[in-house]
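Notes follow the structure.
No hydrogens, no waters, no symmetry mates; every other heavy atom, side chains included, goes into these values.
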Amino acid sequence: MPASLVYKFVPCGFPRTPYELEQLYKHYANKHAPHRDRVVTYLLINKLLLVAQKLDESLLDKMMRALLYDPMYRDPQSPIQGKEDKDFVIPRHIPTRFTCVKEDGTTALRVMRAPDPFQPFDLKQIVQYALIFGWPGLENTWQGIAFDFAYRMHWRTLFGFTLCWALCTTSTAKPAVVRRLALVMAQPGMYWEAVASYNAAFPDQPMVAQYESPLNLIQVHVPDEMA
């Protein structure tokens, strides 16, 4: 949060008690307060609201309960007036490996390709793309990927998301998945050859056969708006 008078009301950068939250809100509602302070305060309150809405009821503290249930904090009017306000209040932290320096010396976001439909399970690429363009924590259309507030993703949910995306009826990656599945099914010994190659490459961690109940594979249905 940029240095401003807001720290007078929240010394730690965020309200710790209902009283600090109330003082912060009054500063936002004060029409005579510096405009930038009102913008910063508005965004801070909304960010806290997003966090509180994602927590289980048992984990909410008194400040969060007040923010969620006190009618005073519902639907605050945005003081943001134009692009300059947005540029000031919504800086995103982007790792330097995703940025480049242009000829004029300014920093810009490195062009990042979308997930390759011919490599539908390139999870590393999908992770990077989701973090940069998915706007985690804000309004977005990405559903099904679990991650914490440090933006560390849960790999199983990521794989499930990728699998659903790859097999969706309208997905551009579906032909590549179907071709690979058909290739494996057309060569019965290919799976065991792959297992043997893996065991030879990793003798300390051999493939262990898992015998479970019969597994039925069915086509997953993903609505177009979630694809």
Side-chain angles (χ1 to χ4, degrees), residues 50-51 54-56 59 91-103 107-227:
L50 285 173
V51 173
K54 294 178 181 179
L55 292 178
D56 185 84
L59 300 177
R92 284 188 293 169
H93 172 69
I94 300 178
T96 55
R97 65 179 180 276
F98 297 138
T99 60
C100 61
V101 178
K102 299 192 296 185
E103 294 181 356
T107 301
L109 181 64
R110 188 187 303 277
V111 177
M112 179 177 292
R113 62 180 176 84
D116 187 352
F118 297 102
Q119 298 291 335
F121 297 105
D122 186 354
L123 299 185
K124 181 178 179 181
Q125 172 63 21
I126 295 176
V127 165
Q128 295 177 352
Y129 190 83
L131 288 177
I132 296 299
F133 296 104
W135 288 91
L138 301 177
E139 294 183 2
N140 60 77
T141 58
W142 295 68
Q143 301 183 36
I145 302 178
F147 55 89
D148 60 17
F149 291 117
Y151 296 155
R152 294 176 299 188
M153 290 195 176
H154 190 283
W155 282 97
R156 292 184 181 178
T157 63
L158 179 67
F159 179 80
F161 173 88
T162 305
L163 184 62
C164 291
W165 168 72
L167 297 181
C168 179
T169 305
T170 58
S171 172
T172 55
K174 184 177 180 180
V177 176
V178 172
R179 282 197 298 269
R180 294 183 182 185
L181 180 61
L183 178 63
V184 172
M185 296 178 66
Q187 303 181 55
M190 187 175 183
Y191 174 79
W192 296 110
E193 291 173 359
V195 171
S197 299
Y198 174 86
N199 290 340
F202 304 96
D204 297 333
Q205 300 177 337
M207 175 72 177
V208 178
Q210 301 181 23
Y211 298 97
E212 300 290 344
S213 57
L215 177 65
N216 296 322
L217 295 177
I218 60 175
Q219 183 176 5
V220 64
H221 172 69
V222 179
D224 292 340
E225 62 270 16
M226 295 178 59

| field | Matching residue for T162 among I145, I126, T157 - test: side chain to side chain contact (heavy atoms under 4.5 Å, CB included) | value | I126

| field | Which atom of P203 lies closest to which atom of A200, heavy atoms considered | value | CD-O, 3.7 Å

| query | Y198 and Q205: side chain to side chain contact (heavy atoms under 4.5 Å, CB included), yes or no, with the steps? | reply | CA-CA 9 Å; Y198 174 86; Q205 300 177 337; 4.2 Å; yes

| field | Closest heavy-atom pair and its distance - M207, N199 | value | N-OD1, 2.7 Å

